[in-house]
Number of protein chains: 2
Amino acid sequence: MKTIEMEDEPTEVDRPSGPEKRGRKASKEVRRQQLIEATIDSLAKRGYSETTMADVADGAKLSRGIVNFHFESKEKLLVATLQYMYDEYSAHWRNAYEKAGDNTADQLKALVAADFDRAICNKRKLAAWCAFWGEAKSRPTYQALSGARDTAYQNLLSDLCSRLKTEAGYDFEPQALALALSALLEGLWLRLMMGLEDVSRETALQAANAFLLTAFPKHYTSEKNGLQRLDTREAPLLMK
Amino acid sequence: MKTIEMEDEPTEVDRPSGPEKRGRKASKEVRRQQLIEATIDSLAKRGYSETTMADVADGAKLSRGIVNFHFESKEKLLVATLQYMYDEYSAHWRNAYEKAGDNTADQLKALVAADFDRAICNKRKLAAWCAFWGEAKSRPTYQALSGARDTAYQNLLSDLCSRLKTEAGYDFEPQALALALSALLEGLWLRLMMGLEDVSRETALQAANAFLLTAFPKHYTSEKNGLQRLDTREAPLLMK
DNA sequence: CAAAATTTGCTGAACATTCATTCAATATAG
DNA sequence: CTATATTGAATGAATGTTCAGCAAATTTTG
């Protein structure tokens with residue numbers, strides 16, 4: 001049973017990347033960021049139930065009492081960490097969507113691809129997400145933030161599915177298909193996180209693309225390197 | 001923000017359903033079962049990190065030291081609980097598969113429907129599953145059992161996808177589509193567990209069926225009450 | 001059949017450990 | 001010098017584990 005290597009991005013805060021102060025004293029914000037990164041490390045390495053204040057402090061190479069100074073309590077540190085990951089994920093898919101241009105099929109393809117981007121989708125982050133999922137049901141505070149794919153995301157997916165439907169005349173239910181798609185993405189994350197089977201970022205993206213291909217056969221075609229968009233006659237090119 | 005009610009099946013072991021002894025003394029196996037059910041309750045109610053031996057014992061209405069007597073340690077109790085859920089899930093889908101008859105499309109439909117059966121898919125069980133998922137990465141012991149949809153399940157899905165492909169000449173990659181399907185099912189479970197959005201067992205099943213419908217348009221058609229199988233000419237009816 | 005002996009299941013107080021939190025003392029920056 | 005950041009030992013609460021003893025069931029003995 002071989003384990004698939006999923007490249008980890010190194011913690012970015014550790015190395016002094018600019019004029020920020022490291023070592024003896026640093027600003028409130030820099031320390032908070034540093035502690036949040038250490039928290040993600042600990043969640044990924046030891047899981048939620050075994051993540052301790054001491055481990056976080058050690059990971060940040062600071063003293064034991066430091067977390068209570070910057071965040072007041074363990075609970076608040078964890079909420080801040082979850083909020084951080086939530087914000088990062090939101091910014092990431094919104095950015096991918098912005099940059100995708102005006103074509104609906106391209107936009108959907110970009111959203112799906114964004115989910116498997118190294119910056120978001122790596123062992124460390126996925127493990128941290130999953131750690132929170134495991135606690136979300138019993139903690140109201142986590143519940144709202146644990147579903148990274150929130151209402152805005154879900155609405156956008158529904159909208160894109162609707163548009164593709166009217167463009168090419170599919171006969172699916174846009175709401176149901178959008179739900180299926182986002183559940184699929186989350187499910188693939190879960191597989192990646194578990195890391196037992198032969199599922200890598202690449203095969204996961206292939207599976208997601210296989211879905212797009214079967215659901216929107218008039219919009220995409222299969223190519224060597226993933227998905228290719230097909231031109232739809234119904235969309236006149238107004239821009240040029 | 002309204003929460004969707006997902007009906008809970010009551011704990012089955014509590015009521016004396018047969019000649020088993022309750023009250024003062026009971027056999028080893030009955031007690032173990034009872035404690036496992038109490039563990040699932042606790043996991044669902046409080047999450048993994050706040051499930052304590054005391055809570056499990058209280059839930060089973062037994063004394064504090066009881067768990068260490070029947071299982072030796074908390075760790076072993078949790079492994080036994082996970083194993084129990086794994087076995088139950090396995091038996092459930094295998095049974096659904098057996099009863100589905102000889103038609104490949106029916107078999108696939110039955111497997112998908114089985115995932116949203118009350119017996120398997122209820123708030124209590126899903127919450128317990130998710131609690132384990134959150135710890136799986138950092139605990140080798142959990143890893144093998146946490147993926148309820150195991151290799152055997154995955155292979156069966158791949159096989160069914162292959163057959164449908166040859167029956168009707170789709171052009172997807174069976175492996176990738178099977179991975180997408182099982183990830184979709186797991187992702188829907190995750191949504192159901194979170195219970196924030198308007199996702200009920202019924203809408204989840206609809207989303208899964210929407211997937212089947214788009215992926216295998218020559219095998220299924222949409223009906224009021226879910227999915228209907230279409231006859232494929234390529235499958236001669238040898239039986240009658 | 002009845003009493004005694006033994007096995008088996010169970011209890012709950014005591015113990016040890018882990019861990020979040022507090023805070024007085026200390027070091028650094030401005 | 002003053003305000004701010006940091007340290008690390010002390011504290012206390014929570015909790016998993018142990019175990020001596022008790023009670024019900026079962027077997028043995030008279």
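Below, chain A is the first sequence line, B the second, and so on; all start at residue 1.
For A:D55, the salt bridge (Lys or Arg N to Asp or Glu O under 4.0 Å) partners are A:K45, A:R46, not counting sequence neighbours. Judged as a salt bridge (Lys or Arg N to Asp or Glu O under 4.0 Å), and not counting sequence neighbours, the contacts of A:D159 are A:R163. For the ring-ring contact (aromatic ring centres under 6.0 Å, His included) test, residues two or more places apart in sequence or in another chain that qualify with A:F132 are A:Y142. Looking at residues two or more places apart in sequence or on another chain, you find a side chain to side chain donor-acceptor pair (under 3.5 Å) between B:R139 and A:S49, B:Y48, B:E75. Here B:D117 pairs with nothing under the salt bridge (Lys or Arg N to Asp or Glu O under 4.0 Å) rule; sequence neighbours left out. Residues forming a salt bridge (Lys or Arg N to Asp or Glu O under 4.0 Å) with A:E98 (at least two apart in sequence, or on another chain): none.
The distance between atom CG of A:L77 and atom P of C:dC19, rounded to the nearest whole Å, is 16 Å. Here D:dT17 presents its P atom at 10 Å from NZ of B:K76, a figure rounded to the nearest Å. Per the geometry, CZ belonging to B:F71 stands 16 Å off C1' belonging to D:dT17, to the nearest Å. Between B:R31 atom CZ and C:dC10 atom C1' there is a gap of 8 Å when expressed in whole angstrom units. Counting to the nearest Å, the C1' atom of C:dT11 and the CG atom of B:L35 are 14 Å from each other. Here the C1' atom of nucleotide D:dT15 and the CZ atom of B:R46 are 11 Å apart, to the nearest Å. Rounding to whole angstrom units, CG of residue B:D55 and C1' of D:dG16 are separated by 14 Å. Atom CZ in A:F69 sits roughly 18 Å away from atom P in C:dT26 (whole-Å rounding).
Among D:dG16, D:dT17, C:dT21, the nucleotide with an atom closest to any side-chain atom of B:S73 is D:dT17. Nearest to the side-chain atoms of B:M53 among the listed nucleotides C:dA20, D:dT15, D:dT17 stands D:dT17. The listed nucleotides are C:dC10, C:dT21, D:dG16; the one nearest the side chain of B:K74 is D:dG16.
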Could you run down the sub-3.5 Å N/O contacts of the protein with nucleotides 11-13 of chain D?
none

Interface polar pairs with nucleotides 12-17 of chain C, N/O, under 3.5 angstrom:
residue	atom	partner	partner atom	Å
C:dG12	N7	B:G65	N	3.4

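Between A:E37 and the choices A:R31, A:K61, A:R124, the salt bridge (Lys or Arg N to Asp or Glu O under 4.0 Å) rule is met once, by A:R124.
At C:dG9, one or more side-chain N or O atoms of B:K28 fall inside 4.0 Å of OP1 or OP2 (strictly under the cut-off).
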Would you tabulate the side-chain donor-acceptor contacts of residues 89-96 of chain A under 3.5 Å, counting partners in other chains and residues two or more places apart, or write 'none'?
residue	atom	partner	partner atom	Å
A:Y89	OH	A:D115	OD1	2.4
A:Y89	OH	A:R149	NE	3.4
A:S90	OG	A:Y86	O	3.4

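The backbone N or O of A:A60 sits less than 3.5 Å from a side-chain atom of A:Q34, completing a donor-acceptor pair.
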